2 protein chains.
Amino acid sequence: MPEPAVKLRDVARLAGVHPATASRALNPDTRLLVSEDTANRVLAAAAELGYQPNAVARSLRTRRSHTIGVLIPDLNNPLFPPIVRGLEDRLEADGYVALIGNTDGDDARERRVFEQMRARHVDGYVLATAHLRNPLLTEAIRAGVPVVLMNRIAEDNSLPSVTVDNERGVRMAVSHLTSLGHRDIACIAGPQDVSTGLARYRGFRAGMAAAGLEVPAHRLAFASAFSIEEGYRCLRQILAAGRPCTAVAAGNDMLAVGCYLALDEAGLSCPDEMSVVGFNDMPFINMLRPPLTTLAFSHYQVGTQAARLLLERLSGGAGPAKVLYLTPELIVRGSTAPPARLPSYFELKKSGRGGP
Amino acid sequence: MPEPAVKLRDVARLAGVHPATASRALNPDTRLLVSEDTANRVLAAAAELGYQPNAVARSLRTRRSHTIGVLIPDLNNPLFPPIVRGLEDRLEADGYVALIGNTDGDDARERRVFEQMRARHVDGYVLATAHLRNPLLTEAIRAGVPVVLMNRIAEDNSLPSVTVDNERGVRMAVSHLTSLGHRDIACIAGPQDVSTGLARYRGFRAGMAAAGLEVPAHRLAFASAFSIEEGYRCLRQILAAGRPCTAVAAGNDMLAVGCYLALDEAGLSCPDEMSVVGFNDMPFINMLRPPLTTLAFSHYQVGTQAARLLLERLSGGAGPAKVLYLTPELIVRGSTAPPARLPSYFELKKSGRGGP
DNA sequence: ACCGTTGCTGCAATCGTTTGCCCTGAGCCT
DNA sequence: AGGCTCAGGGCAAACGATTGCAGCAACGGT
């Protein structure tokens with residue numbers, strides 16, 4: 001027995017006023033248009049009936065759905081849940097809810113989800129999937145819907161975004177490694193068509209240059225995705241080159257985890273024979289053995305800040321797009337140590353250790 | 001320059017028909033009410049204009065929002081992202097989207113989120129937060145909104161739900177431990193007011209009974225939440241009792257991770273001095289050292305099945321509530337091994353090892 | 001005493017779709 | 001030929017809120 005929902009009409013009737021008046025009394029912005037006396041009567045009536053405005057009807061009339069579309073690559077990536085939590089918590093405070101869409105890095109799927117959201121008239125988008133050049137962006141802008149970028153930024157800084165200072169982070173990582181005594185440092189760079197991949201790679205080159213170190217091609221690999229598999233593949237590739245190195249800077253923690261697998265397979269121990277440093281300080285990454293040295297920033301805050309930027313736009317704030325950079329913090333854990341005094345593992349390998 | 005959205009009226013005009021006719025032509029269920037000829041004209045017009053129906057207006061009229069409210073304790077718990085993905089993927093196939101709400105195990109917050117969703121007229125709920133007795137349940141049912149339970153079940157099986165066979169899983173775990181030679185097995189049980197906590201504890205008792213083993217009170221601890229902290233606290237408590245045991249069955253993987261911390265602190269090695277088994281096979285749990293022996297089931301499938309059950313209800317399927325039990329699979333990894341031949345660590349402890 | 005102002009409230013249109021109902025014309029049967 | 005059914009499609013009323021406009025009192029100023 002579904003109970004009939006109480007609507008504005010009922011509240012108005014109980015308060016003895018016209019629905020229009022009730023509407024004004026209920027909305028804080030228009031409350032001053034009605035006398036305090038009737039406003040109170042309406043409020044009381046609404047409370048008594050347990051009135052909940054019909055969000056759908058309201059959206060239709062006001063053309064605001066109080067819904068935000070959030071596009072992320074994959075919720076299963078542990079980086080995203082805290083970010084999403086931050087977003088949702090902040091949005092909720094302003095009466096908005098988030099619609100989460102996973103794109104799996106697939107352009108077609110991204111477009112589908114985007115359209116779905118558009119049909120539901122989301123008031124704005126938060127994108128964590130933006131490639132450096134992304135047709136969706138121009139499309140959304142043309143439709144007049146505010147967009148905020150998270151974690152990644154647009155080529156020309158033309159959109160509000162919140163991200164971590166990636167370049168600086170990797171420079172910190174490199175400087176940590178060199179101060180431990182490493183000179184032969186490999187790099188597994190992320191995809192170069194997203195801003196994080198690019199900026200971190202630039203950070204690596206800058207850090208190495210600042211230390212006066214070379215970056216030979218055989219110590220460099222480009223992952224096609226920020227995934228464990230790619231990290232594994234890339235480190236294998238570097239090891240296969242047969243030239244010694246004592247540390248590797250990975251484009252993010254997932255790639256670093258892939259490195260762990262490749263090291264295991266090669267029978268190399270971390271950090272004794274190879275130091276590894278990641279980026280992101282994902283949840284649970286500190287539970288690995290060895291716990292990963294990485295660059296941390298508040299994921300939750302990325303979410304709340306992105307929400308803040310978007311809410312600003314939604315409430316009419318115009319002006320130039322703000323780009324927020326969070327400062328990363330180097331968290332030194334067990335995966336980095338001074339380079340071994342032992343003969344390089346490449347020598348050991350030749351003498352039969354290290355397995356297939 | 002926001003471009004004006006194309007609406008049904010425009011399509012109708014282009015096709016030279018009345019909006020009502022266009023509506024019927026566009027809806028596959030009513031298409032047979034218009035001649036094939038006009039239907040095609042309408043379809044063509046819609047395609048040409050890139051018509052996207054206004055979901056809000058439709059919802060208002062049809063009283064179906066094609067939105068599902070999903071309540072989970074915390075997205076940050078790695079168990080949930082795959083479940084949510086399963087849900088979303090399955091729902092999307094039927095044109096539904098999910099609204100995710102995190103309750104943080106807080107009743108007040110749960111109620112707020114629930115109301116929020118009700119105001120948005122969600123067509124159904126999927127709850128992963130259900131306590132054995134939950135006022136929200138009766139409320140939703142009274143409002144005539146279908147509800148499906150995930151991961152946990154209702155006291156009396158009165159609601160459709162999908163869960164893993166918890167009791168059986170833990171019996172498998174216990175039998176694995178006993179077959180390794182363990183006899184002194186501790187248990188860290190989860191909260192007893194949720195079905196998972198209760199069923200797994202029952203499974204433990206059943207498994208021990210089947211093996212003819214005792215469960216003394218000092219080898220039993222009840223966690224107040226499925227958290228790392230509680231796991232840590234509980235194992236500490238058991239170790240503090242000073243009575244030997246060689247294995248511990250934890251109520252889920254989070255509790256097991258807490259056990260790892262307690263063992264580290266006590267200077268005990270896993271699995272040499274203490275075997276640990278978890279439940280859930282959370283993402284990344286296999287990356288720990290040692291990799292955790294645990295009970296696996298497809299989280300993704302929990303989501304898809306829950307979605308399926310709900311969609312069934314939404315399309316009018318009545319009948320008794322189905323309760324789906326997935327079969328767990330024991331994944332043996334490095335955290336379990338035969339009990340040590342060494343003198344019990346409790347002896348070692350007395351002789352000064354094992355820290356403060 | 002009259003007029004303008006101000007403060008409150010009601011009226012009705014509107015947002016974009018869906019759907020019950022009615023109308024029209026064609027086809028068919030007797 | 002008349003009356004029947006029936007398919008096809010238009011009309012208009014919803015769904016439940018918001019909001020421009022107008023009415024209407026009370027009030028104050030000259």
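Convention: sequence-line order gives letters A, B, ...; per-chain numbering from 1. If you're wondering where the values come from, they're calculated on a predicted model, not measured in any experiment.
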_Treating primed atoms plus P, OP1 and OP2 as sugar-phosphate and everything else as base, which nucleotides of nucleotides 17-28 of chain C get B, S or - for protein heavy atoms under 4.0 Å?_
BBBB--------
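- Once rounded to the nearest 0.5 Å, the distance linking NE2 of A:His299 with OG1 of A:Thr304 reads 12.5 Å.
- Of the N and O atoms on the side chains of A:Arg112 and A:Thr103, not one donor lies less than 3.5 Å from an acceptor on the other residue.
- We find that B:Lys322 and B:Glu312 are joined by a salt bridge, their nearest charged nitrogen and carboxylate oxygen being less than 4.0 Å apart.
- B:Arg63 has a side-chain polar atom (N or O) that falls below the 4.0 Å cut-off from OP1 or OP2 of D:dG16.
- D:dG8 atom P lies 13 Å from atom CZ of B:Arg41, rounded to whole Å.
- Put simply, NE2 on B:His121 is 13 Å from P on D:dC15, counting in whole angstrom units.
- Comment: B:Arg85 engages A:Asp104 in a salt bridge, judged by a side-chain N to carboxylate O separation of less than 4.0 angstrom.
- One interatomic measurement links the two molecules: CG of A:Leu60 to C1' of C:dA13, which rounds to 13 Å at whole-angstrom precision.
- A:Ser59 comes within contact range of no nucleotide atom at all, as no heavy-atom separation falls under 4.0 Å.
- For A:Asp10 and A:Lys7, the salt-bridge test fails: no basic side-chain N is under 4.0 Å from an acidic carboxylate O.
- Rounded to 10°, the helix from C:dA1-D:dT30 to C:dT30-D:dA1 has 60° between the axis fitted to its first five pairs and the one fitted to its last five.
- A salt bridge is defined here as a Lys NZ or Arg NE, NH1 or NH2 lying under 4.0 Å from an Asp or Glu carboxylate O, and B:Arg109 with A:Asp89 meets this definition.
- For the pair A:Leu32 CG and C:dC8 P, the computed distance is 9 Å after rounding to whole Å.
- No more than 12 heavy atoms of other residues, nucleotides or ligands sit less than 6.0 Å from atom CZ of A:Arg9.
- An OP1 or OP2 oxygen of D:dA7 is reached within less than 4.0 angstrom by no side-chain nitrogen or oxygen of B:Ser35.
- The only member of B:Val113, B:Leu71, B:Val70 that meets side chain to side chain contact (heavy atoms under 4.5 Å, CB included) when paired with B:Ile100 is B:Val70.
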